[in-house]
**Q** 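Have a look at the structure that comes next, please.
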2 protein chains.
Amino acid sequence: MTIRVVVADDQEMVRLGLSMILRGEDDIEVVAECDDGPSAVEAVRRLRPDVALLDIRMPRLDGLEAARLVAQDTRVVIVTTFGDDDLVDRALDVGVAGFVLKDAGPPILLAAVRAAAAGDALISPEVTVALLKRRGPTGRPATDPRLAGLSDRELDVVALVARGRTNAEIAADLSLSVATVKTHLVNASRRLGVRNRVEIAALAWSSGLVR
Amino acid sequence: MTIRVVVADDQEMVRLGLSMILRGEDDIEVVAECDDGPSAVEAVRRLRPDVALLDIRMPRLDGLEAARLVAQDTRVVIVTTFGDDDLVDRALDVGVAGFVLKDAGPPILLAAVRAAAAGDALISPEVTVALLKRRGPTGRPATDPRLAGLSDRELDVVALVARGRTNAEIAADLSLSVATVKTHLVNASRRLGVRNRVEIAALAWSSGLVR
DNA sequence: CCGGGCCTCCACCGTTCGGTTGAGGCGCAG
DNA sequence: CTGCGCCTCAACCGAACGGTGGAGGCCCGG
C-alpha cells in the first residue's frame with residue numbers, strides 16, 4: 001500500500017526537489033504538485049492523499065491556512081526554511097503531523113512523510129530543540145516583548161513572585177531587604193501596567209518567564 | 001570529524017543492533033558499549049563522547065538517572081521500547097537531546113544521533129504525536145491532575161485569581177459576596193496545599209487551567 | 001430522616017501587600 | 001563633573017488578603 005502525497009510549494013526548485021526525493025521511494029507516490037495554497041487545498045479535496053506536504057509560505061493562501069482547511073481530510077506535513085518559533089506554535093495548534101525544515105535532508109523528509117501516513121508526527125530536530133528550550137525547565141530567557149524594559153533585578157523579583165513567594169521570602173532568596181523587594185515590585189508593576197502581584201504572575205507565566 | 005557515541009543497553013541483542021546500525025555509518029564511531037547505568041556514566045565521563053545512547057531501563061541505574069548525571073557532559077539520546085507519557089515527560093525535563101523508540105528503524109536512530117551531535121533534538125514520531133495530543137494551546141497537558149478535587153465553583157474562583165482579579169472583582173464577576181469568594185479560596189488553598197493566591201495562580205497556569 | 005458535601009454569607013483580626021516619600025551608593029555617558 | 005539609571009534601604013499608612021468560627025440553604029444517598 002503506497003503512501004499518496006500532494007506536494008505544494010511555490011518555489012519550483014524546491015517543489016521538484018521534494019518530489020524527486022519522494023519519487024525515489026517505492027512506497028510513496030506523488031499524486032499532485034501545486035504552486036499555491038488554493039490549488040493545494042483543491043488537490044487534497046479531490047485526490048484525498050494520505051499526506052499533504054505544504055510549504056508554510058505560499059501565494060494567496062499560506063501553508064498554515066491551507067493546513068487548517070484540509071486538516072480534517074489528510075495528514076499535513078509543513079515544510080519551511082526557518083523554524084520560526086511563532087510559526088511552529090501556530091502550526092502545532094492547527095494540528096499538523098509534521099514540521100520539516102528544507103535543509104533537513106531526505107531521510108528526515110521521508111521519515112516525516114511515513115510517520116504522518118502512519119498517524120504519527122515528526123518534527124525537525126532543529127525545531128524540536130527550540131521547542132524543548134522554550135518548554136523545558138532547562139530552557140531560559142525567551143524575553144517576551146511585554147517584559148521588555150524591566151531591569152535584571154526586577155525580572156528576578158518578578159520570577160519569584162510568579163512562583164508564589166512572599167516579599168519576605170524573595171528578600172531572603174535574593175539576600176535583600178523586604179524594602180528593596182517592594183521597590184522593585186512597585187517599579188516593575190508600573191512599567192508592566194499591572195495592579196497587583198497576581199497580575200505580575202499571570203504576565204510572567206503567559207510570557208514564558210516561568211513555566 | 002566523526003561523531004563519537006557511547007551505547008548503553010542491558011539487552012545484548014538490542015545493544016548489538018544499535019551498534020551495528022551506528023558502525024555502518026562512516027561519520028559515526030561507537031567508542032563504548034555498556035550494559036548498565038553506572039558503567040555508562042563512567043564511560044561517558046572517561047571518554048567524553050559527543051552522544052550517549054541510553055536505554056531508559058537499565059540495571060542499577062536507569063537511563064533517566066544516568067542521563068541526569070551526564071547531561072552536562074554530553075548529549076543524551078534515550079532509546080526505549082514504549083513511549084510512555086510519564087517517561088517522556090521526565091526525560092524531556094532532564095533535558096535529553098533525543099527520544100527514540102526501539103522499533104523506529106535505523107534512519108530515525110541515525111537522524112537522532114546526528115541531530116544530538118549537532119545540538120538539536122529528535123523525538124520519535126510515535127512519541128511526538130502523543131506529545132502533541134496532550135499539548136494544549138500552550139504546550140501543556142490539557143488535563144489537570146493537581147487541580148482534581150476542586151469543586152466547580154472553586155475552579156471558577158481559582159481561574160479568576162490566576163488572571164489577577166481581586167476578591168472584590170471576582171465577587172462582582174461571579175455575582176457573589178466577597179465573603180463567599182474568600183471561603184472558596186480558603187477551601188481551595190487547603191486542598192491544593194498552597195499558602196497564598198499567587199501560588200494558586202502559579203498552579204492554575206502550570207496546570208493549564210488558564211492560558 | 002439524617003448526614004454530608006456544596007454553595008452562600010457574616011464578623012473579626014492579624015498579616016501582608018500597595019504605594020508614597022525620601023535617601024545613599026554605584027557606574028556610565030555626555 | 002554631572003547628570004541619569006539602577007540597586008539598595010527606611011518609615012509610614014490604607015487597602016487587601018489569610019484564617020477562623022460561625023450560620024443557613026440546597027440536594028443527594030444511605
Side-chain angles (χ1 to χ4, degrees), chain A residues 140-211, chain B residues 143-210:
Chain A
R140 243 323 71 161
T143 320
D144 189 282
R146 284 170 294 178
L147 294 177
L150 292 195
S151 69
D152 291 346
R153 216 53 171 152
E154 285 164 351
L155 280 178
D156 291 341
V157 175
V158 166
L160 287 172
V161 165
R163 294 199 172 86
R165 310 286 285 168
T166 65
N167 287 345
E169 289 168 341
I170 295 171
D173 290 347
L174 299 179
S175 299
L176 296 175
S177 86
V178 178
T180 304
V181 174
K182 290 177 64 174
T183 301
H184 287 315
L185 230 27
V186 168
N187 291 334
S189 295
R190 214 192 310 275
R191 294 198 191 180
L192 296 174
V194 300
R195 301 167 303 156
N196 57 55
R197 60 173 44 218
V198 193
E199 284 192 352
I200 291 181
L203 201 50
W205 279 94
S206 65
S207 72
L209 179 64
V210 293
R211 334 164 210 272
Chain B
T143 46
D144 29 294
R146 286 167 295 180
L147 294 177
L150 291 195
S151 70
D152 292 347
R153 216 50 172 157
E154 285 164 352
L155 280 177
D156 291 341
V157 175
V158 165
L160 288 171
V161 165
R163 295 201 170 85
R165 311 285 284 168
T166 65
N167 287 345
E169 289 167 343
I170 295 171
D173 290 347
L174 299 179
S175 300
L176 296 176
S177 86
V178 179
T180 304
V181 174
K182 290 178 66 175
T183 300
H184 286 316
L185 230 29
V186 170
N187 292 334
S189 296
R190 216 192 308 275
R191 294 198 188 177
L192 296 174
V194 300
R195 302 168 303 156
N196 57 55
R197 58 174 45 218
V198 194
E199 285 192 351
I200 291 180
L203 202 50
W205 279 94
S206 65
S207 71
L209 179 63
V210 293

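None of these values were measured; they are calculated from a predicted model. Chain naming here is simple, since letters A, B, ... match the order of the sequence lines and numbering starts at 1 in each.
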**Q** Check side-chain hydrogen bond (donor to acceptor under 3.5 Å, both in side chains) between A/Asn196 and all other residues, then give those that pass, not counting sequence neighbours.
**A** none
**Q** With the threshold set at under 4.0 Å for non-hydrogen atoms, list the residues of residues 178-187 of chain A touching DNA chain C in residue-number order.
**A** A/Lys182, A/Val186
**Q** Output the rounded distance in Å from CG (A/Asp156) to P (D/dC7).
**A** 9 Å
**Q** Phosphate oxygens OP1/OP2 of D/dC6: is one of them under 4.0 Å from a side-chain N or O of A/Arg191?
**A**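 It does, given that an N or O in the side chain of A/Arg191 lies less than 4.0 Å from OP1 or OP2 of D/dC6.
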**Q** If I compare all heavy atoms of A/Val198 with all of B/Val161, which pair ends up nearest, and what's the gap?
**A** CG1-O, 2.9 Å
**Q** With sequence neighbours left out, write down each residue that passes side chain to side chain contact (heavy atoms under 4.5 Å, CB included) with B/Ala162, or none if nothing qualifies.
**A** B/Ala201, B/Ala204, B/Trp205, B/Val210
**Q** Please round to 10 degrees the angle between the axis of the first five pairs and the axis of the last five pairs in the helix from C/dG3-D/dC28 to C/dG30-D/dC1.
**A**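 Answer for the end axes of this duplex: 40°.
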**Q** Please enumerate all residues that pass salt bridge (charged side-chain N to carboxylate O under 4.0 Å, His left out) together with B/Arg153, with sequence neighbours excluded.
**A** B/Asp156
**Q** Please report the interatomic distance CG(A/Leu192) to CG(A/Leu150), rounded to the nearest 0.5 Å.
**A**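 That separation rounds to 4.5 Å.
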**Q** Name every residue in residues 159-175 of chain B that has at least one heavy atom under 4.0 Å from any atom of DNA chain C, in order of residue number, or write none if there are no such residues.
**A** none
**Q** To the nearest Å, how far apart are A/Leu150 CG and D/dC6 P?
**A** 10 Å
**Q** Does a side-chain N or O from B/Arg197 land closer than 4.0 Å to OP1 or OP2 of D/dC17, or not?
**A** yes
**Q** What donor-acceptor contacts under 3.5 angstrom involve side-chain atoms of residues 178-187 of chain B, with partners at least two apart or in another chain?
**A**
{"unit_1": "B/Thr180", "atom_1": "OG1", "unit_2": "B/Ser177", "atom_2": "OG", "d": "3.4"}
{"unit_1": "B/Thr183", "atom_1": "OG1", "unit_2": "B/Ala179", "atom_2": "O", "d": "3.0"}
{"unit_1": "B/Asn187", "atom_1": "ND2", "unit_2": "B/Thr183", "atom_2": "O", "d": "3.3"}

**Q** If only side-chain N and O atoms of B/Arg190 are considered, is one of them under 4.0 Å from the OP1 or OP2 phosphate oxygen of D/dT20?
**A** yes
**Q** Roughly how far, to the nearest 0.5 Å, is the CD atom of B/Glu199 from the CZ atom of A/Arg163?
**A**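 Answer rounded to 0.5 Å: 12.0 Å.
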**Q** With a strict under 4.0 Å distance from non-hydrogen atoms of chain A, what nucleotide opens and what nucleotide closes the contacted stretch of DNA chain C, reading 5' to 3'?
**A**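 Result: C/dC17 to C/dT20.
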**Q** Below 3.5 Å between N/O atoms, which protein atoms pair up with nucleotides 23-29 of chain D? Just atom names and distances, please.
**A**
none

